[in-house]
Amino acid sequence: MNILDDLNPEQKKAVMHDKGPLLILAGAGSGKTRVLTYRAAYLIEHRNVNPWNILAVTFTNKAAREMKERIDRLVGYGSENIWVSTFHSTCVRILRRFIDRIGYERSFSIYDDDDSRALMRDVCKYLDIDTKRIPEKSILNAISRAKDELIGPEEFEKNTGRDYMLKKQAEAYYEYQKRLKASNALDFDDLIFKTVELFMTDESALAYYQNRFQYIMVDEYQDTNTAQFRLIQLLASGVNEYGEREYNLCVVGDDDQSIYKFRGANIQNILSFERAFPNTKVIKLEQNYRSTKSILSAANEVIANNIGRKPKTLWTANEQGEPVTYTLFDTDMDEAESVTGEIKRMVDNNQARYNDFAILYRTNAQSRMFEEKLIRKNIPYKIIGSVNFYARKEIKDLLAYMKTIDNGLDNIAVKRIINVPRRGIGAATIEKVDAYAINNGMSFYDALVRCEQIPGLERSCAKIMSFVSIIEGLRSRLYQENYNLTELIDDILDATGYLKELEEEGSDEARERIANIDELVNKLVTYADEAEEAPTLSGFLEEVALVSDIDSFDESEDYLVLMTLHSAKGLEFPYVYICGMEEGIFPSYMAMYSDNPQDEIEEERRLCYVGITRARKRLSLTAARQRMMRGDISFNKPSRFIKEIPEHLLKINMPDRKTMTSFAPDDYQPSRMNYKPFAFSEPKQFAGNNLGELEYGVGDTVRHFRFGLGKVTAITMGGRDYEVTVDFEEYGTKKLMASFAKLTKAE
DNA sequence: ACGCCGACCGTCCGA
DNA sequence: CGGTCGGCGT
C-alpha cells in the first residue's frame with residue numbers, strides 16, 4: 001500500500017514530517033483531517049511508531065470518533081491503541097488515575113453548568129453576595145475565564161486591586177473552589193486546570209504520560225485556550241533516550257477559523273507557536289478540495305477584511321459553480337417558509353436528499369421559526385444544540401440519584417434530589433442540615449445520616465431517614481454480583497416512586513418525561529454494550545457529562561439539519577443556507593457595541609468565513625427586513641458581510657412576493673434604549689424613503705427612457721438604494737440607481 | 001411545605 | 001418570548 005499517493009505535495013510533506021514541532025496551517029477544506037489520519041498511519045507503518053505512543057486531541061467526540069475510524073481503515077491492527085479523544089476526556093482519563101495526588105478522590109464528580117450554578121447560588125447566599133448587583137452568572141464567567149488562563153483563586157485575588165466587584169468575585173472563587181473540593185467535584189474548566197496542576201506538582205505522573213505520548217497531534221489548534229496550550233506543552237516536553245527534547249508535536253489549525261475567543265481561546269497559541277517551539281516546521285495547506293470557485297472566492301473576499309491574520313489565499317481546482325445567492329425577505333417567517341420550501345422542492349424532484357442540506361444561523365433562538373415550518377411541511381429534521389437532552393429535569397434528577405450513589409460527597413446532587421419526588425423536606429430543613437454540615441466539616445449527606453444530632457430537626461428527621469435508607473439500599477445493591485446498571489436505574493425509578501408519580505400524573509408532559517427516561521435507559525444499555533472497559537456507574541456519568549449535542553449528529557441519516565454556525569465548524573454540506581444575515585444578528589449586536597468592536601467584529605467575520613466554507617456546491621444567504629425577537633418586532637439592515645462579497649459573485653434573488661421595498665438607510669441605527677437593541681415599535685424610519693417595489697430581477701429585460709432595452713445582470717444595495725447593473729443592447733453595461741433610473745420591466 | 005401567579009429579567013456563541 | 005424567582009395564599 002502506498003498511502004502517500006492520494007496526497008498533494010504539501011500534504012505529503014506534513015504526513016512525512018519526522019520529528020520536532022510541526023505547525024500545519026490548514027485552510028478550510030484543505031484536507032487537514034486526511035493529513036492527521038494519514039500521518040498517524042504513516043508513523044505506525046513506516047516509522048515503526050507504536051500506536052500506544054500516539055495521542056491525538058480533538059474538540060468534539062464526533063471528531064475523535066471519525067478520526068479513529070479513518071485511522072482504523074488505514075492501518076490494519078493496533079490502531080485501537082492510539083489515544084484519540086477530546087481535551088476533556090483526555091483529562092478525565094488522566095485524572096481518574098492520578099487525581100489522588102492532588103488531594104481529590106478518584107471517584108470525583110463532574111459538574112455541568114447547572115450544577116455549577118446551583119453551587120454558586122449557595123456560595124453567594126453564604127457570602128451574602130447580592131446577586132442583583134453581581135449576578136452568579138457573571139461570577140461564574142469570571143472564574144471560568146480565570147481558569148482558562150490558569151489563574152487560581154490566590155492569583156485572582158492578588159489582581160483584584162481595590163475593585164469591590166472583583167474582590168467579591170475573588171471571595172466567591174475561593175468559596176466555590178473550596179466547596180467543589182468538599183464535594184469531590186470538578187467543573188468543566190477544572191478538568192483541564194487540575195490536570196495541569198497535577199503535572200506541575202507531580203513529576204512522576206507527568207513523566208509517565210510524557211513517556212507514553214511520544215507523538216502528539218492537536219486538531220483545531222486555533223481554538224485552544226491557555227490552559228490547553230500549557231497541557232499540551234507539558235505533555236510534549238518529554239525527553240528521548242538521549243536526554244533531548246524532541247517536541248514531536250503536530251498541531252493543525254487555521255487562524256481564520258478561530259471562533260471561540262468568548263470561551264477563552266487564545267489566538268496567540270497559533271500565532272506564536274513558532275516562538276514557543278523553536279525549529280518549528282510550518283506547512284501551509286492552501287488548496288481547497290471542498291467548494292466551488294464561487295463559494296471559495298466569496299469566502300476569501302469576506303475574510304480579507306480582517307487585519308492581522310496570517311497571510312494566505314485558498315484556491316481550488318474545482319469548477320466555478322453557481323454564484324452565491326442572496327435573498328432579502330420581508331419577515332423571518334417568509335425566510336423560513338421560502339428556505340424550507342426550496343429544500344422540499346429539491347428533495348421532491350429527486351435533485352437532492354435532506355441530508356445534503358444545512359440551515360445555519362447565528363443564534364439558537366432562530367431555529368424556532370424554521371422548526372414550525374418543518375413540522376408543517378412534514379420534513380424530517382434535527383436541530384443541533386437546542387435543549388440538551390441531559391439538561392432536562394427528569395434526566396438531571398435521575399443522574400443526580402446516580403451521582404449520589406456513586407459519590408456521596410457530591411452535595412449538589414444530594415440537595416437536588418432530597419425532595420424529588422416530594423418527601424416533605426423543605427427549604428428550612430435543608431438549610432439547617434447544610435449549616436450543620438458546614439460547621440462540622442462534613443458532607444451534606446453525612447449530616448443527613450446524623451440528622452438526629454441536629455438541633456431543631458425533630459419532625460423532619462424521620463423523612464430524612466427514609467431518604468437515606470433509599471440511597472443506602474440502592475448503594476448496597478450496586479456491589480452485588482451480576483448487578484448491572486440497567487437494573488440500577490430501574491431500582492431507582494422504583495424505590496423513589498419517581499416513575500409512579502409521573503404515571504399517575506398522566507399529562508402529556510409527564511408522558512414525554514417518561515419517554516425521555518426510556519431514552520436514558522437506552523443510552524445506558526448502549527453504554528454498557530459498547531464500553532471499552534468494564535461498564536461502571538462513574539464511567540457512564542462521565543460519558544454523559546462530556547457529550548455534546550453535535551456528537552449525536554449522523555450525516556448518513558436522511559434528515560435536514562439545523563444548527564448554529566459555531567456547531568457547523570468542521571462539517572460540510574452540498575447545500576448550505578446561512579440565514580439571518582442582518583446587522584445586529586450577524587454580526588451580533590453584542591459584537592457591534594462591545595468595548596472592542598474591531599476585534600469582536602473580526603471574530604464574527606471569521607464565523608462568517610467558517611459558515612461560507614461549509615458549502616460544497618451551493619451557498620444561499622438570506623436576511624429578513626423584520627424579525628420577531630423576544631416578542632418584539634425588530635428591523636435590521638442587511639449584514640455588512642453581504643456587502644463584502646463582490647457583486648459579480650453574488651446573485652441577488654427577489655423573493656416571489658411582490659413586496660420589495662428599499663433597504664433601510666445606512667444611518668439606520670439600532671436603538672439602545674431599554675436594552676432592547678434593535679426593536680422599534682413602529683417602522684417609521686422607513687417613512688419618506690419608500691422607493692417603491694422593484695418589479696424586475698436579475699435576468700429580466702428592462703426598459704430605460706434613454707438607454708432603451710437591456711438585461712439586468714446584477715442588483716446590489718448601495719447605501720439607500722438598489723444599484724442595478726444593466727447590460728443595454730445599444731449602450732453597454734451601466735450601473736443605475738433604481739429610484740432614479742425608473743426602469744420598467746419589458747416583456 | 002408547596003403551588004400558583006405575576007413581575008422581572010436577560011438577553012449570542014459552547015464543552 | 002420563555003425561564004426564573006419571590007411573594008402570597010392555602
Side-chain angles (χ1 to χ4, degrees), chain A residues 57-64 85-92 110-114 116-118 121 131-132 135-138 141 144 147-148 186-192 220 223-225 227-228 258-265 360-369 384-388 390-391 393 419-431 459-460 463 544-551 563-569 580 584-594 600 603-604 606-608 610-611 627-634 672 674-679:
Chain A
V57 190
T58 62
F59 271 85
T60 66
N61 294 302
K62 178 170 151 51
S85 72
T86 63
F87 269 104
H88 290 90
S89 311
T90 299
C91 289
V92 171
I110 301 168
Y111 275 8
D112 65 15
D113 268 358
D114 267 9
S116 297
R117 265 188 57 206
R121 251 201 297 274
T131 50
K132 287 251 179 340
E136 297 136 19
K137 244 179 115 179
S138 77
N141 220 29
S144 180
K147 286 180 178 174
D148 287 344
L186 303 188
D187 68 14
F188 271 122
D189 304 304
D190 277 346
L191 295 178
I192 317 283
E220 306 284 12
D223 288 328
T224 52
N225 62 32
Q228 288 161 336
S258 153
I259 55 174
Y260 283 110
K261 211 176 110 201
F262 73 91
R263 68 169 198 219
L360 308 181
Y361 35 74
R362 180 65 175 83
T363 68
N364 278 314
Q366 287 164 258
S367 66
R368 249 191 127 68
M369 191 63 80
I384 307 281
S386 43
V387 201
N388 188 351
Y390 294 103
K393 183 188 177 298
N419 199 33
V420 180
R422 305 255 168 272
R423 302 188 173 89
I425 304 173
T429 307
I430 293 173
E431 197 112 326
R459 264 185 309 141
S460 321
K463 296 170 189 164
V544 161
L546 298 178
V547 295
S548 71
D549 213 11
I550 192 75
D551 297 333
M563 65 182 98
T564 62
L565 289 150
H566 282 89
S567 297
K569 198 181 63 164
I585 306 259
F586 189 32
S588 78
Y589 168 81
M590 300 288 253
M592 291 163 66
Y593 296 101
S594 68
E600 299 210 11
E603 176 137 327
E604 298 279 310
R606 290 193 291 271
L607 186 57
C608 185
V610 167
R627 152 180 323 269
M628 283 293 273
M629 290 183 73
R630 299 191 289 270
D632 288 316
I633 297 173
S634 64
R672 300 184 67 178
N674 246 353
Y675 216 66
K676 287 186 176 177
F678 13 79

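Each chain gets a letter, A, B and so on, in the order the sequences are listed, and its residues count up from 1.
The side chain of A/Asn419 contributes no N or O atom lying less than 4.0 Å from OP1 or OP2 of B/dA1. Between A/Arg263 and B/dC12, a side-chain N or O to OP1/OP2 separation shorter than 4.0 Å is absent. In this model, the phosphate group of B/dC13 is not approached by any side-chain N or O of A/Ser588 to a distance below 4.0 Å at OP1 or OP2. One finds no side-chain N or O of A/Asn225 lying less than 4.0 angstrom from the OP1 or OP2 phosphate oxygen of B/dA15.
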Next on the checklist: Only Watson-Crick and G-U wobble pairs with both distances less than 3.5 Å should count. Give DNA chain B in dot-bracket notation, marking inter-strand partners with |.
Outcome noted: ||||||||||.....
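A/Val57 is not listed as a side-chain neighbour of A/Gln228, based on a closest heavy-atom distance of 4.5 Å or more. Side chains of A/His566 and A/Phe262 form a contact here, defined as non-hydrogen atoms less than 4.5 Å apart. Within the 4.5 Å cutoff, no side-chain heavy atoms of A/Ile633 are placed close to those of A/Arg627. Counting heavy atoms from C-beta outward, A/Tyr260 and A/Asn225 have side chains that stay 4.5 Å or more apart.
When the nearest nucleotides of DNA chain B are assigned to A/Pro135 and A/Thr363 by heavy-atom distance, the more 5′-ward of the two goes with A/Pro135. Along DNA chain B, the nucleotide nearest A/Gly426 and the nucleotide nearest A/Phe59 are compared for position; the residue whose nucleotide lies closer to the 5' end is A/Gly426.
The distance between atom OH of A/Tyr390 and atom P of B/dA15, rounded to the nearest whole Å, is 14 Å. In this entry the distance linking NZ of A/Lys62 with C1' of B/dG14 reads 17 Å, nearest Å. In this entry the distance linking CD of A/Glu603 with P of B/dG14 reads 12 Å, nearest Å. A/Met369 places its CE atom 11 Å from the P atom of C/dG2, with the value rounded to the nearest Å. In this structure, A/Tyr589 atom OH and B/dC13 atom P are separated by 16 Å, rounded to whole Å. Summarising the geometry, the separation between CG on A/Asn61 and C1' on B/dA15 is reported as 9 Å, rounded to the nearest angstrom. Atom P of nucleotide B/dG10 and atom CD of A/Glu136 are separated by 11 Å, given to the nearest angstrom. The interatomic distance linking A/Asp189 (CG) with B/dG14 (P) rounds to 16 Å, in whole Å.
Residue A/Tyr260 and nucleotide B/dC13 are not classified as a stacked aromatic pair, given the requirement of ring centres less than 5.5 Å apart at an interplanar angle below 30°.
When the nucleotides B/dA15, B/dG14, C/dG2 are ranked by their closest atom to the side chain of A/Arg368, C/dG2 comes out on top. Each of C/dG2, B/dC2, B/dC13 was ranked by its minimum atom distance to the side chain of A/Arg422; first place goes to B/dC2. Among B/dC13, B/dC12, B/dA15, the nucleotide with an atom closest to any side-chain atom of A/Met590 is B/dC12.
Looking at heavy-atom distances under 4.0 Å, A/Phe87 makes no contact with the nucleic acid at all. Contacts of A/Thr429 with the nucleic acid, taken as non-hydrogen atoms under 4.0 Å apart, involve only primed sugar atoms and P, OP1 or OP2. Within the 4.0 angstrom heavy-atom criterion, only backbone atoms of the sugar-phosphate kind lie near A/Arg121; the bases stay farther away. Using a 4.0 Å heavy-atom criterion, one finds that A/Ser567 contacts the sugar-phosphate atoms exclusively. Among the heavy atoms of the strands lying under 4.0 Å from A/Ala428 are primed sugar atoms or P, OP1, OP2 only; no base atom is included.
Contact check on A/Arg263 versus A/Asp148 returns no salt bridge, with no Lys/Arg side-chain nitrogen under 4.0 Å from an Asp/Glu carboxylate oxygen.
Heavy-atom neighbours of A/Arg423 CZ from other residues, nucleotides or ligands within 6.0 Å: above the threshold of 12.
A/Asp551 and A/Ser548 share a donor-acceptor pair across their side chains, judged by distance under 3.5 Å alone.
Shown here for A/Asp189 and A/Ser144, the closest heavy-atom pair between the two residues is OD2-OG, 2.9 Å. A/Ala227 approaches A/Lys147 most closely through the heavy-atom pair CB-O, 3.9 Å.
Nucleotides C/dT4 and B/dC13 are separated by 22 Å at their C1' atoms, to the nearest Å.
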